[in-house]
Amino acid sequence: MTQSGPDQMPLLSLANMDKAAFAAALGTSFRRFGFAMICDHGIDQALIDRGWALARSFFALPDEVKSRHDALGNGGQRGYTAFGREIAKGARENDLKEFWHIGRDLPAGDSLGRTMPPNVWPEELPDFRPVFTRLFGQFDQVGAELLSAVALCLGLEADWFDDPIRNGNSILRLLHYPPVSPQAPGIRAGAHEDINLITLLLGAEEGGLELKDRSGNWLPVTPPPGALVINVGDMLQRLTNHVLPSTSHRVVNPPPQRRGYSRYSMPFFLHLRPDFVIDALPQCVSAANPRRDPPISAHDYLTERLVEIGLVAKE
């Protein structure tokens, strides 16, 4: 474990730290920042590199080709979401990004299929499906390892999350922030908190990601090449009765000399099963920290939030 300064997150090794020590350090980083940085995570670097190449190839396609795979019909959960469509909760301006969503492939006839639409794939790129299906699986596996550590830091059994995330509605997002002019004001993605349990992010080496610390200061998140940035989502915050906080973060415009370059990132939003009921863990409720939220299913909570960010129409 390395530490680069009092206001910087430690870099934790998933492979080279004792499990108990890793769980304790992860819990400390989450409580302090709502974020953590992880190296030695085990996701195949050659597969990641192939994924970056395919993402760049897809986003370079003409808009009329990308729009053939528009995700409007499924609440933005699978396929392509065009530039400028998503807006952060409470924001006045839409984000300067476009993205593609890949979800879990369920067995035919699975009852969860009512809430999890099937994937769509761009036939223009034949390698897209096999590469990102493999990447989804590897993110899923690493995410489960991280949740095992979260369980331990909360005093739960290491396998506590196994059933709640089995066939969970997780999303792999391919993100493209196009170049902006040197004079561009504002930010690329407005301040927000993620909806899901935890987010596993690749690509934060290209500057711009910032988190809001407990004092209200914006801190840059600058992992070394290839490291994962992990953050607590609102579902985990709700499950832990805010013991593990979901932290506001944003993507700011880079320095003028970098504004002519695209920014790519690859977050994996690890979700609960849609039918899992999110209710505060008993050990996270006390006289000093009374229960804050009523129980709600993961599906109903997700739907509420998708309405707020403009991806699902309000009924």
Side-chain angles (χ1 to χ4, degrees), residues 1-5 7-19 21-23 25-26 28-30 33-59 97 99-100 102 127-128 130-150 170-177 188-189 194 196-211 219-233 247 249-252 254-255 258 261-270:
M1 178 173 68
T2 60
Q3 176 81 40
S4 52
D7 291 324
Q8 292 294 319
M9 286 176 282
L11 179 63
L12 310 179
S13 171
L14 187 57
N16 298 323
M17 292 177 67
D18 170 82
K19 190 167 186 177
F22 179 86
L26 182 66
T28 298
S29 189
F30 275 173
F33 297 102
F35 274 72
M37 293 192 300
I38 310 294
C39 63
D40 307 314
H41 47 73
I43 300 177
D44 182 357
Q45 187 59 52
L47 189 62
I48 293 170
D49 293 342
R50 186 66 184 127
W52 289 130
L54 285 165
R56 288 180 170 87
S57 295
F58 175 79
F59 290 120
K97 66 190 183 189
F99 53 89
W100 181 280
I102 298 139
D127 289 343
F128 199 92
V131 167
F132 285 112
T133 297
R134 287 182 61 205
L135 260 177
F136 186 101
Q138 293 197 17
F139 270 109
D140 207 27
Q141 181 177 350
V142 174
E145 289 185 60
L146 292 169
L147 284 175
S148 179
V150 170
S170 298
I171 295 283
L172 177 57
R173 173 181 281 191
L174 314 178
L175 260 170
H176 174 224
Y177 300 89
R188 280 173 156 167
D194 291 346
N196 44 289
L197 270 181
I198 57 171
T199 300
L200 291 67
L201 173 68
L202 286 173
E205 302 95 325
E206 177 67 37
L209 178 62
E210 295 181 342
L211 68 86
L219 303 179
V221 181
T222 53
L228 281 169
V229 173
I230 315 296
N231 64 276
V232 176
T247 299
H249 51 286
R250 66 186 184 182
V251 179
V252 300
R258 291 294 301 172
Y261 295 88
S262 286
R263 183 182 191 274
Y264 297 90
S265 66
M266 198 183 299
F268 181 79
F269 302 115
L270 200 161

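No experiment lies behind these values; they were computed from the predicted model shown.
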Visitor: Give the minimum heavy-atom separation between Ser148 and Lys19, together with the two atoms involved.
Guide: OG-NZ, 3.5 Å

Visitor: Nearest 0.5 Å please: distance from the CD1 atom of Ile230 over to the NE2 atom of His41.
Guide: 8.5 Å

Visitor: Identify the heavy atoms of Leu135 and Gly51 that sit nearest to each other, and give their distance.
Guide: CD1-CA, 4.2 Å

Visitor: Could you list the residues that satisfy side chain to side chain contact (heavy atoms under 4.5 Å, CB included) with Pro130, not counting sequence neighbours?
Guide: none

Visitor: Which residues pass the side-chain hydrogen bond (donor to acceptor under 3.5 Å, both in side chains) test with Asp18, sequence neighbours left out?
Guide: none

Visitor: For His176, what residues pass the side-chain hydrogen bond (donor to acceptor under 3.5 Å, both in side chains) criterion, not counting sequence neighbours?
Guide: Glu98, Ser262

Visitor: Per the side-chain contact (heavy atoms from CB on, under 4.5 Å) rule, which among Ile102, Leu228, Ile171, Leu270 passes with Phe139?
Guide: Leu228

Visitor: A side-chain contact here means heavy atoms from C-beta on lying under 4.5 Å apart; do Leu14 and Leu146 qualify?
Guide: yes

Visitor: Restricting to ring-ring contact (aromatic ring centres under 6.0 Å, His included), what partner residues turn up for Phe30, sequence neighbours left out?
Guide: none

Visitor: Hey, could you give me the OH/CZ distance between Tyr177 and Phe99, rounded to the nearest 0.5 Å?
Guide: 9.5 Å

Visitor: Give me the atom names and distance for the closest heavy-atom approach of Ala149 to Ala23.
Guide: O-CB, 3.4 Å

Visitor: A side-chain contact here means heavy atoms from C-beta on lying under 4.5 Å apart; do Ser170 and Asn196 qualify?
Guide: no

Visitor: Just to verify, what does Thr222 make a side-chain hydrogen bond (donor to acceptor under 3.5 Å, both in side chains) with, not counting sequence neighbours?
Guide: none

Visitor: Please report the closest heavy-atom contact between Ser29 and Pro10, naming both atoms and the distance.
Guide: OG-CD, 4.0 Å

Visitor: Atom CZ in Phe268, atom CG in Asp140: separation rounded to 0.5 Å?
Guide: 4.5 Å

Visitor: How far does OG1 of Thr199 sit from NE2 of His249, to the nearest 0.5 angstrom?
Guide: 6.5 Å

Visitor: Classify the ring geometry between Tyr264 and Phe59 as parallel (under 30°), tilted (30 to 60°) or perpendicular (over 60°).
Guide: tilted

Visitor: Distance to the ring centre below 6.0 angstrom and angle to the axis at most 45 degrees; does that hold for Arg173 and Phe269?
Guide: no

Visitor: Looking at Val229 and Pro223, what are the two nearest heavy atoms and their distance?
Guide: CG2-CG, 3.7 Å

Visitor: With sequence neighbours left out, what residues match Gln138 under side chain to side chain contact (heavy atoms under 4.5 Å, CB included)?
Guide: Ile43, Asp44, Leu47, Arg134

Visitor: When you look at Leu54 and Asp127, which way does the side-chain contact (heavy atoms from CB on, under 4.5 Å) test go after all the steps?
Guide: CA-CA 8 Å; Leu54 285 165; Asp127 289 343; 4.2 Å; yes

Visitor: Between atom CG of Asp40 and atom CE of Met17, what is the distance when rounded to the nearest 0.5 Å?
Guide: 10.5 Å

Visitor: In chain order, what residues pass the side-chain hydrogen bond (donor to acceptor under 3.5 Å, both in side chains) check against Ser265, with sequence neighbours excluded?
Guide: none

Visitor: Can you sort out the partners of Phe132 under ring-ring contact (aromatic ring centres under 6.0 Å, His included), two or more places apart, ordered by chain and number?
Guide: Phe128

Visitor: When you measure from the side chain of Ser57 to the backbone N and O of Ala53, does any donor-acceptor pair fall under 3.5 Å?
Guide: yes

Visitor: Taking side chain to side chain contact (heavy atoms under 4.5 Å, CB included) as the definition, give me every residue that meets it alongside Thr247, ordered by chain and number, with sequence neighbours left out.
Guide: Phe35, Leu211, Arg214

Visitor: Looking at CD of Gln45 and CG of Leu202, how far apart are the two atoms once the value is rounded to the nearest 0.5 Å?
Guide: 8.0 Å

